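For reference, the structure discussed in these notes is given below.
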Amino acid sequence: MELFRYKHWDLIGKTWLWFTISGVTVVIGMLALAVHGFNYGIDFTGGSLLRYEFAVPLAANDAGVPDATAKIRQVLDSMNLGHSEIQLVGNDEGQFSQLYLRTPPVANDEEAATRSQSIVASLEKTFPDKGKISDMGRETVGPVVGEELRNQSILALAIGYLLILIYITIRYEIRFGIAAIISLLHDILVVLGCMALFKIELNSAFVAALLTVLGYSNHDTVVIMDRIRENMRVHRRATFAETVNASLLEVMARSVNLVVVVLFTVVSLLVFGGEAIRGFSFALLIGISTGCYSSIFTASPILVILENRAARNRANAVATSRSQRVTATVGNGRPRSTAAVAEPAREVAEGDAGSVDKANSRKAIERLQREEIAERQEKALAELDAKRDERRERRKREKERAAKQAGKPKRRF
């Protein structure tokens, strides 16, 4: 569907509107993070590992595991243990008779024993046909991820950012890579802020969600940048901002269609996936939506800003070079050595009227302009003379060829 290709929207012209929206979103998220902090799950905080065995298997095969897990989840929700992790363990025959529960930490062993007894009693009421439930013991476990995984996650994200920057720099230019990295950083900050704002529990799956968000966002950004590079070759007379704006309108339908299709699945996971993957699904929902937005309204405007800055630097370099050539002619009208030119050029660029007389500089500029005009005129006259001589030579050869043909006898057949 070509929803945006033939629109005349000035997306780049509203750069500061997009930046304001992004800035406000990030600031709100960071304030929520500073006030509430993260809601770390058991993987980060540790807890108690409880093991039980049923006389009659809870599930005879894999097909019965989801139903049994849902009933156990209801029991834990009624005891305010809804964030606990549930694992059914099968035997060699494929029957699931053992239950492992990972619950939040408790203050002491007495409280842990009381909780375990309550869980056993509730399970026996829920599964009266499964026979007696044996308590196989409990133990206190530390955080599975904790500080080590946090550090590894930060390192993985940093390496990912670096590799993305190197790849985009090699394929495009350094300013393309900088724009993509800023866009990805924006996505991560928005996801972290929303997790803190809505107090969604963070577990080990959240790290996988972040890496997935980076992949989707970077893929969308690369597609847009590829179209920008193609249009730069086609529309050479258009400004860079116009090229970027046209490229965004061409690929926006593709980006929106892709993210909508992906969000259908993500929303289904969020609604029907249950408590265990709610944090993962929520992070994907926010991250993929934000990635689509940032690829269009963050990375591209930043790329235009970087290109305009580079263009100004090139213009300043050209102006400085011309100023140096003009200053070299001041005094005697002849170019001088580079060492002799350097200091007067710097003085002219800085507006030091005491060192170089402005009137002489203006006369030197006018003299250079006259010399350039005269040089162009001489070149044009030389080209005209060369063409005139070439025409004369061609007419001369034609006359000689005609004379030779006139002297030959006519052929008879």
Side-chain angles (χ1 to χ4, degrees), residues 1-5 7-33 157 160-161 164-165 168 175-198 200 206 209-228 241 243-267 269-270 280-307:
M1 293 187 299
E2 300 292 341
L3 298 177
F4 308 102
R5 178 186 291 269
K7 302 294 182 181
H8 300 284
W9 299 339
D10 186 11
L11 301 179
I12 300 301
K14 298 180 176 58
T15 294
W16 296 112
L17 173 61
W18 316 132
F19 285 179
T20 301
I21 294 174
S22 299
V24 170
T25 305
V26 171
V27 169
I28 292 176
M30 293 301 100
L31 289 177
L33 179 59
L157 290 175
Y161 275 120
I164 290 172
L165 178 62
I168 295 181
R175 63 180 184 272
F176 285 81
I178 294 175
I181 292 300
I182 295 176
S183 173
L184 295 178
L185 181 61
H186 165 271
D187 299 338
I188 296 299
L189 292 178
V190 171
V191 172
L192 294 177
C194 289
M195 297 296 284
L197 180 63
F198 295 99
I200 304 297
F206 174 71
L210 282 184
L211 296 177
T212 305
V213 168
L214 287 182
Y216 269 97
S217 179
N218 185 61
H219 174 263
D220 203 13
T221 303
V222 168
V223 170
I224 293 175
M225 290 183 174
D226 208 43
R227 181 56 61 88
I228 292 174
T243 302
V244 172
N245 196 82
S247 302
L248 290 178
L249 294 176
E250 290 176 5
V251 301
M252 189 182 298
R254 176 256 172 211
S255 299
V256 173
N257 293 336
L258 176 62
V259 74
V260 168
V261 171
V262 174
L263 289 183
F264 284 155
T265 305
V266 175
V267 171
L269 288 175
L270 182 63
F280 173 79
S281 304
F282 183 80
L284 284 182
L285 176 65
I286 299 299
I288 293 177
S289 303
T290 305
C292 178
Y293 172 87
S294 64
S295 299
I296 299 173
F297 301 109
T298 302
S300 300
I302 290 176
L303 181 60
V304 173
I305 292 175
L306 294 176
E307 172 62 24

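Since this is a predicted model, take the numbers as computed values, not measurements. When reading the values below, keep in mind they use all heavy atoms of this one structure, side chains included, and skip hydrogens, waters and symmetry mates.
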Item checked: H186 NE2 to S295 OG distance, which is reported to the nearest 0.5 Å -> 10.5 Å
Next item on the list: Please answer whether the main-chain N or O of G291 pairs with a side-chain N or O of S294 as donor and acceptor at a distance below 3.5 Å.
Entry: yes
Note to self: Ignoring hydrogens, what is the shortest heavy-atom contact between V213 and I288? Give both atom names and the distance.
What the structure shows: CG2-N, 4.2 Å
Item checked: Shortest non-hydrogen separation from L189 to M30 and the atoms involved -> O-CE, 3.6 Å
Note to self: For L248 versus I296, what's the shortest heavy-atom pair and its separation?
What the structure shows: CD1-O, 3.7 Å
Next item on the list: Run through V304, L11, L249, I224 and flag the one making a side chain to side chain contact (heavy atoms under 4.5 Å, CB included) with V244.
Entry: V304
Next item on the list: Over all heavy atoms of both residues, which pair between I228 and S300 is shortest? Give the atoms and the distance, please.
Entry: CD1-OG, 4.5 Å
Check: Donor-acceptor pair, T15 side chain versus I12 backbone, under 3.5 Å?
Finding: yes
Note to self: Angle between ring planes, F297 versus Y293, binned at 30° and 60°: parallel, tilted or perpendicular?
What the structure shows: tilted
Note to self: Using a 3.5 Å distance criterion without hydrogens, assess whether the side chain of T221 forms a donor-acceptor pair with backbone atoms of S217.
What the structure shows: yes
Check: In this structure, are over 12 heavy atoms from other groups packed under 6.0 Å from F282 atom CZ?
Finding: yes
Check: Where the side chain of Y216 meets the backbone of C292, is there a donor-acceptor pair that is under 3.5 Å apart?
Finding: no
Check: What is the minimum heavy-atom distance between L303 and F176, and which atoms define it?
Finding: CD2-CE2, 3.4 Å
Notebook entry, point to check: About how many Å separate CD1 of I178 and CD1 of I302, when rounded to the nearest 0.5 Å?
Noted result: 10.0 Å
Margin query: Is the shortest side-chain heavy-atom distance between Y161 and I188 below 4.5 Å?
Written below: yes
Margin query: Quick check against the 3.5 Å criterion: does N218 have a side-chain atom that pairs as donor or acceptor with the backbone of L214?
Written below: no
Notebook entry, point to check: Heavy atoms, side chains only, cut-off 4.5 Å: are F206 and V191 in contact?
Noted result: yes
Item checked: Beyond-backbone contact of R254 with D220, side-chain heavy atoms, under 4.5 angstrom -> yes
Checklist line | Nearest heavy atoms of W9 and N245, plus distance in Å | finding: O-ND2, 2.8 Å
Using distance only, find each side-chain donor-acceptor pair of residues 258-267 under 3.5 Å and give its atom names and separation, not counting sequence neighbours.
none

Checklist line | From I305 atom CD1 to F19 atom CZ, the distance as rounded to the nearest 0.5 Å | finding: 4.0 Å
Note to self: Has S183 got a side-chain atom pairing as donor or acceptor with A179's backbone, closer than 3.5 angstrom?
What the structure shows: no
